[in-house]
Amino acid sequence: MSHILVTGGAGFIGANFVLDWLRQEDADGVVNVDKLTYAGNRKSLTAVALDARHVFSQTDICDSAAVTALLKSYRPRAVVHFAAESHVDRSILSPGDFVQTNVVGTFRLLESVLDYWQVLDAPERTAFRFLHVSTDEVFGSLAPADMPFTEASRYQPNSPYSASKAASDHMVRAYHHTYGLPVLITNCANNYGPFQFPEKLIARMITSALAGEPLPVYGDGFQVRDWLYVGDHCAAIREILARGRPGETYNVGGWNEKINLEVVQALCDLLDELRPRTSGSYRSQIAFVDDRPGHDRRYAVDASKLARELGWKPAETFESGLRKTVQWYLQNPEWVKDVLSGEYRNWVGKQYVE
Ligand code: NAD
Ligand code: DAU
C-alpha cells in the first residue's frame, strides 16, 4: 500500500486531516508521527482506531533516527508536516519549546526527508512532495486599512511562535532552492472546528461557557482574526498536495475577518439557542482581562492565488462553521471532559504501533 507520512496528526488540524484523508476513496495509508505533547490526543483518532490504513508512531520529529526508520519502512510518497508548538500564549511563557520543535524539529525532519528523497527512483523522486503547514502570523500585524496578506507580503513575525514558524518556512524554502526538494508551503488563517484544544479562542470560549467560567477577552477585544473552518483547511491541503507547484507558497484563508468580541458574543448567542440556561445569557460570563504582550491587532488573508490556480474555496461560511463547531462540542462531552481533566493523556489505544 502507498503511504503518506503526516507529522502532528494527533493535534487539532492534523487529526482532522487524517480523519478526512481516510474518508476519501482509494486513500493512501497514513503514517502518523506525533510526539504526543499536551496538544496531542489519540482520542481524536478514535474513528480510525480499527483502520489498518492508519499507523500511529509516538515519535519526536527531532529524533532523526526514528523518523529515518519510518521513512525507510513505509516509503511515503509525501510528507505533510503539521507538528509544531502552536499556541502564542505558551510561546510567550516558554519560547524554548517553540525553537526546539518548530525550528530544530523542522530542520531535522528536512534532513531525514532529504536523505530519503535523494535515493528514490527518478519517477518517485519527481512525484514526491514535502508540504509544510504554516501560518499567516509570519506576516505580522495589519493596520485597519491595510490590504490582506498575499504570498508576497513581507515576513514580520512578532511573537516567539510566529518567529519560530517563520524560521521553519525559510528552512523549507531553502531546501527547495538549494537541494531541489519538492516542497509546498501553506500559510493559513485561524482555524476552528472539532477536536481543538481548549486553549485557543473558540474552543476555550465554548468549554468555559459550558463550565460556567469567565470568558476572558484580552485587551479591548477589538483584535481581528480571519477564521477558517478546519475541514476547509484540510481540503485546501489535499488540493495543494495533489496539484500545487513545487517551490510555491499558498495562502489559505476564509475571507472571514471578525472582531474577537463579536466572535465571543456569537458563541454565547449560539449556546443560548442550543443549550439555554435559566440563569440568563452566556454573555454575562464575558470578562475583559489584561492584553496579551505584543498582541497582533489584525490578520487577514488574501487566498485568491489558491482559488485562481487550484479552484479551492471554503465550503463553510463563518455562521455554518461556528454552528457545526458548537454542536460538535455539545455532542462530545466525553472528549471535552477528558481534555479538561487531563485524562486523555492516559489513553492508549490497542491499535497503535509504538
Ligand atoms: P496543535 O497544537 O493542536 O497540534 C500539534 C501536534 O503536534 C500535537 O499533536 C503535538 O503532539 C504534535 N507535536 C508537537 N511537537 C512535536 C514534536 N516535536 N514531534 C512530533 N509531534 C509533535 O496544533 P494545530 O492547531 O493542529 O496546528 C497544526 C499546524 O498548523 C501547526 O504547524 C501550526 O503552526 C499550523 N497552523 C495552525 C493554525 C490554527 O489556527 N490552529 C492556523 C494556521 C497554521
Ligand atoms: O493565524 C493563525 C494562528 O491562529 C495559528 O498559527 C496559531 O497556531 C493559532 O493559535 C492562532 O493564533 P491566535 O493567537 O490568533 O489564536 P488564539 O486562539 O490564541 O487567539 C485568537 C484571538 O483571541 C487573539 O486575538 C487572542 C484572543 N484571545 C485568545 C484567547 C485564548 C482572547 O481574547 N481570549 C482568550 O482566552
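Computed from a prediction, not measured in an experiment: that's the story for all the values here. Counting starts at 1 for both ligands and their atoms, in listed order.
Residue contacts with ligand 1: N190 is included, with a non-hydrogen atom under 4.0 Å away. Close to ligand 2: H295, with a non-hydrogen atom less than 4.0 angstrom away. By the 4.0 Å heavy-atom criterion, G9 is excluded from the residues contacting ligand 1.
The shortest contact between atom 40 (O) of ligand 1 and any protein heavy atom is with N191 N, 2.8 Å. At the shortest separation from atom 41 (N) of ligand 1 among protein heavy atoms lies I13 CD1, 3.7 Å. The nearest heavy-atom contact from the protein to atom 3 (O) of ligand 1 is F12 N, 3.0 Å.
A salt bridge links D269 with R283: the distance from a Lys NZ or Arg NE/NH1/NH2 to an Asp or Glu carboxylate oxygen falls below 4.0 Å. Between K324 and E316 there is a salt bridge, since a side-chain N of the basic residue sits under 4.0 Å from a carboxylate O of the acidic one. Between E319 and R323 there is no salt bridge, since no side-chain N of the basic residue sits under 4.0 Å from a carboxylate O of the acidic one.
Remark: ligand 1 and T37 share an N or O pair separated by less than 3.5 Å (distance only, no angle test). The shortest N or O to N or O distance between A83 and ligand 1 is not below 3.5 Å. Below 3.5 Å of separation, one finds no N or O of H81 facing any N or O of ligand 1. Distances between N or O atoms of V33 and those of ligand 1 include no value under 3.5 Å. In terms of polar-atom proximity, W227 is not counted as a contact of ligand 2, lacking any N or O under 3.5 Å from an N or O of the ligand. In terms of polar-atom proximity, M205 is not counted as a contact of ligand 2, lacking any N or O under 3.5 Å from an N or O of the ligand. Polar contact with ligand 2: absent for Y299 (N/O pair, distance under 3.5 Å). Taking only nitrogen or oxygen atoms, main chain and side chain alike, E199 does not reach within less than 3.5 Å of ligand 1. Not one N or O of H233 is nearer than 3.5 Å to an N or O of ligand 1, by distance alone. Looking at N260 next to ligand 2, an N or O pair under 3.5 Å apart turns up.
Taking only non-hydrogen atoms, the option from E199, H87, K165, Q196 nearest to atom 31 (C) of ligand 2 is E199. Taking only non-hydrogen atoms, the option from F197, F82, Y299, Y161 nearest to atom 34 (O) of ligand 1 is Y161. Counting heavy atoms only, R292 comes closest to atom 19 (O) of ligand 2 of the residues R292, R204, K200. The closest non-hydrogen atom to atom 18 (N) of ligand 1, taken over D60, D63, V104, V252, comes from D60. When the heavy-atom distances from atom 5 (C) of ligand 1 to C62, A84, G14 are ranked, the shortest goes to A84.
A donor-acceptor pair under 3.5 Å is absent between the side-chain atoms of T101 and the main chain of F98, judged by distance alone. Using modelled atom types, one side-chain atom of S341 and one backbone atom of E343 make a donor-acceptor pair closer than 3.5 Å.
Side chains of N191 and H233: a donor-acceptor N/O pair is present below 3.5 angstrom, by distance only.
Of the heavy atoms in A15, none comes closer than 4.0 Å to ligand 1. Contacts between L36 and ligand 1, counted as non-hydrogen atom pairs separated by less than 4.0 Å, involve the backbone only. Here T59 has backbone heavy atoms under 4.0 Å from ligand 1, and that is the only part of it that gets that close.
Ring geometry for F17 versus F82: interplanar angle of 30 to 60°, hence tilted.
The 12-atom threshold is exceeded at CE of M1, counting heavy atoms of other residues, nucleotides or ligands nearer than 6.0 Å.
Minimum interatomic distance between A315 and D232 (heavy atoms only, all atoms of both residues): N-OD1, 2.8 Å.
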